[in-house]
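The structure under discussion appears below in the form of structure tokens.
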There are 4 protein chains.
Amino acid sequence: MGRVQISVIGSGAEHERRAEEVGRLLAAAGATVVTGGLGEVMAAAARGAKSVGGTTIGILPGERRDEANEWCDHVVVTGVGHARNLAVVASGDAVIAVGGRHGTLAEIGFALVLGRRVVVLEPGLDAEGVVRAATPAEAVALALEAAA
Amino acid sequence: MGRVQISVIGSGAEHERRAEEVGRLLAAAGATVVTGGLGEVMAAAARGAKSVGGTTIGILPGERRDEANEWCDHVVVTGVGHARNLAVVASGDAVIAVGGRHGTLAEIGFALVLGRRVVVLEPGLDAEGVVRAATPAEAVALALEAAA
Amino acid sequence: MGRVQISVIGSGAEHERRAEEVGRLLAAAGATVVTGGLGEVMAAAARGAKSVGGTTIGILPGERRDEANEWCDHVVVTGVGHARNLAVVASGDAVIAVGGRHGTLAEIGFALVLGRRVVVLEPGLDAEGVVRAATPAEAVALALEAAA
Amino acid sequence: MGRVQISVIGSGAEHERRAEEVGRLLAAAGATVVTGGLGEVMAAAARGAKSVGGTTIGILPGERRDEANEWCDHVVVTGVGHARNLAVVASGDAVIAVGGRHGTLAEIGFALVLGRRVVVLEPGLDAEGVVRAATPAEAVALALEAAA
């Protein structure tokens with residue numbers, strides 16, 4: 001099946017630093033980082049992965065490739081708007097949520113429907129069925145464990 | 001814009017009676033009842049609406065019209081799997097959640113992203129940004145108020 | 001399964017008169033007319049159906065119900081952009097194409113993938129596997145025959 | 001924007017050899033090969049790309065990553081069924097069609113809607129607005145020209 005793919009979801013500028021650390025640790029462990037390809041948490045996670053030479057995939061809601069942030073190695077342009085959230089979480093062997101609001105809630109719901117482990121990095125959204133992590137390192141470990 | 005459309009989302013056989021009452025009250029108030037077109041809460045809400053001569057729309061995830069329950073007057077076959085959840089909530093002028101698990105959580109997230117009021121009938125899922133109702137009558141009143 | 005649903009697809013202002021006639025004849029025969037809910041051929045088919053008291057469904061690509069034309073009784077807001085073309089043809093027991101360009105070609109392809117009969121009203125698009133009709137009356141008869 | 005991405009679409013076991021050659025030439029020119037991730041033409045194009053050390057992306061219709069063929073380096077799991085065809089062509093800076101039937105017709109339609117150049121390798125599907133190529137080398141040259 002090729003390399004492990006972990007999806008990093010979420011939003012909020014105040015969460016970028018933690019998202020970048022999550023991306024960096026995932027890439028250092030050899031996992032490909034999958035995100036929604038746009039700004040804030042998505043860009044930060046991809047930037048963190050690229051800072052250590054990792055591989056990143058951005059899955060966009062719109063119809064144009066150039067809407068992706070510059071840290072996406074591979075860009076998938078879905079054209080299906082918010083329904084691309086389903087593709088983002090379905091493409092991960094596990095999912096890590098960093099911050100986030102309503103769109104992230106939709107992604108968590110879909111990930112759980114599909115049986116993907118969802119790790120919520122504290123402080124984060126509440127949802128039944130997720131696993132919670134206190135630090136980026138713990139979140140990455142829990143995600144990689146589920147992906148194995 | 002034609003008649004008010006209210007989406008009823010959720011799942012769980014134990015919630016069918018309340019869903020049927022929600023559907024009945026919505027139809028009695030002249031609203032079209034939109035659901036995901038399948039079983040349990042979706043079927044119950046549509047059945048309630050039909051019991052008083054209401055109008056119902058079922059929005060299916062699969063590719064075949066005959067997967068809809070028998071209480072759907074109009075059937076939309078989306079072919080997009082769980083991404084049809086986006087269509088279910090987007091098609092409502094407001095949304096009422098009755099029971100439900102992960103798929104309902106995804107729908108609540110999408111509804112809030114799109115700015116639709118989400119009324120959660122107690123006991124129901126927790127999510128920031130929703131309005132809570134103690135009874136089917138209150139849920140219907142709150143949904144119709146937002147749709148007005 | 002409720003009433004027969006026939007999807008009318010296509011585009012081009014020069015085809016509106018024929019689309020309106022198709023919508024009128026479908027509604028007169030008791031079929032619900034399904035369209036993409038926007039302008040030109042979509043609006044004309046729905047207008048034709050309403051001119052004889054028929055029932056219409058509009059399936060929109062965007063996220064707002066008020067983008068539907070005024071002849072849609074029931075509006076489904078998919079939020080999935082051009083992927084709503086799949087829903088438009090999947091929701092018909094058969095499909096009639098009036099005029100059209102690239103988007104209509106995508107719809108014809110999807111309809112054939114799903115095993116729906118596609119009737120192309122002359123002059124219309126070329127595609128292997130479709131049935132061709134010389135007049136609106138013949139197109140409607142061929143669509144209703146497949147839907148039966 | 002990173003490396004050029006070219007989508008290869010189509011189907012039919014009898015077209016696999018030409019698809020493999022297209023994949024090989026695209027990869028040799030430094031382009032990432034995007035496909036629908038499943039069998040026949042999709043697998044052949046990816047296999048060709050990998051035979052010269054290229055990079056491949058597979059965009060799946062289902063909900064499981066392990067449905068991808070073994071030549072996909074990066075797998076996007078869309079969960080949206082045939083609507084993933086939109087993502088396949090939208091993710092290419094240009095599109096090459098090799099063989100194919102109804103699903104490919106839908107993809108050609110979508111690619112043209114989105115303004116992507118579509119190169120049809122002869123013998124191939126007919127559609128207004130596409131560019132035709134007599135050989136895999138010519139198809140690749142025409143696709144790369146449009147992507148530049």
Side-chain angles (χ1 to χ4, degrees), chain A residues 1-7 31-37 46 49-50 54-95 106-107 109-116 147, chain D residues 1-7 31-37 46 49-50 54-95 106-107 109-116 147:
Chain A
M1 291 227 315
R3 286 159 42 123
V4 165
Q5 296 183 176
I6 305 293
S7 301
T32 295
V33 173
V34 178
T35 73
K50 293 312 296 175
T55 300
T56 59
I57 302 173
I59 303 179
L60 296 172
E63 300 176 351
R64 294 179 49 173
R65 183 176 168 190
D66 59 9
E67 291 166 352
N69 67 63
E70 65 186 278
W71 298 281
C72 294
D73 294 321
H74 309 292
V75 179
V76 167
V77 181
T78 65
V80 296
H82 294 296
R84 81 80 151 75
N85 289 19
L86 175 60
V88 170
V89 295
S91 299
D93 301 313
V95 176
E107 290 174 307
F110 276 145
L112 295 172
V113 165
L114 297 175
R116 305 295 192 276
Chain D
M1 290 229 315
R3 286 159 41 124
V4 166
Q5 297 182 176
I6 304 292
S7 301
T32 295
V33 173
V34 178
T35 72
K50 292 313 296 176
T55 300
T56 59
I57 301 173
I59 304 179
L60 296 172
E63 299 175 353
R64 294 179 49 172
R65 182 175 168 191
D66 59 9
E67 291 166 351
N69 68 62
E70 64 186 279
W71 298 280
C72 294
D73 294 322
H74 309 291
V75 178
V76 167
V77 180
T78 65
V80 296
H82 294 296
R84 81 81 150 76
N85 289 17
L86 174 60
V88 170
V89 296
S91 299
D93 301 312
V95 176
E107 289 175 308
F110 276 143
L112 295 172
V113 165
L114 297 175
R116 306 294 192 275

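Lettering of chains follows the sequences in order, A, B, ..., and the numbering in each one begins at 1. As a basis for the values below, the full set of heavy atoms in this structure was taken, side chains included, without hydrogen atoms, waters or symmetry mates.
- Using a 4.5 Å cut-off between heavy atoms, A:Q5 contacts chain D through both its backbone and its side chain.
- Residue with the most contacts toward chain D among A:G115, A:G62, A:A90, A:G92: A:A90 (heavy-atom pairs, distance under 4.5 Å).
- The shortest non-hydrogen separation linking D:T55 to A:H74 is CG2-CE1, 3.6 Å.
- For D:T32, the side chain to side chain donor-acceptor pair (under 3.5 Å) partners at least two apart in sequence or on another chain are D:R3.
- Proximity to chain D at a heavy-atom threshold of 4.5 Å picks out A:V80, A:L86, A:A87 from residues 80-87 of chain A, in numerical order.
- D:V76 places a side-chain heavy atom less than 4.5 Å from the side chain of A:I59.
- Of the inter-residue distances, the one linking D:I57 atom CD1 with A:D73 atom CG reads 9.5 Å to the nearest 0.5 angstrom.
- Residue D:E63 touches chain A through both its backbone and its side chain, counting heavy-atom pairs closer than 4.5 Å.
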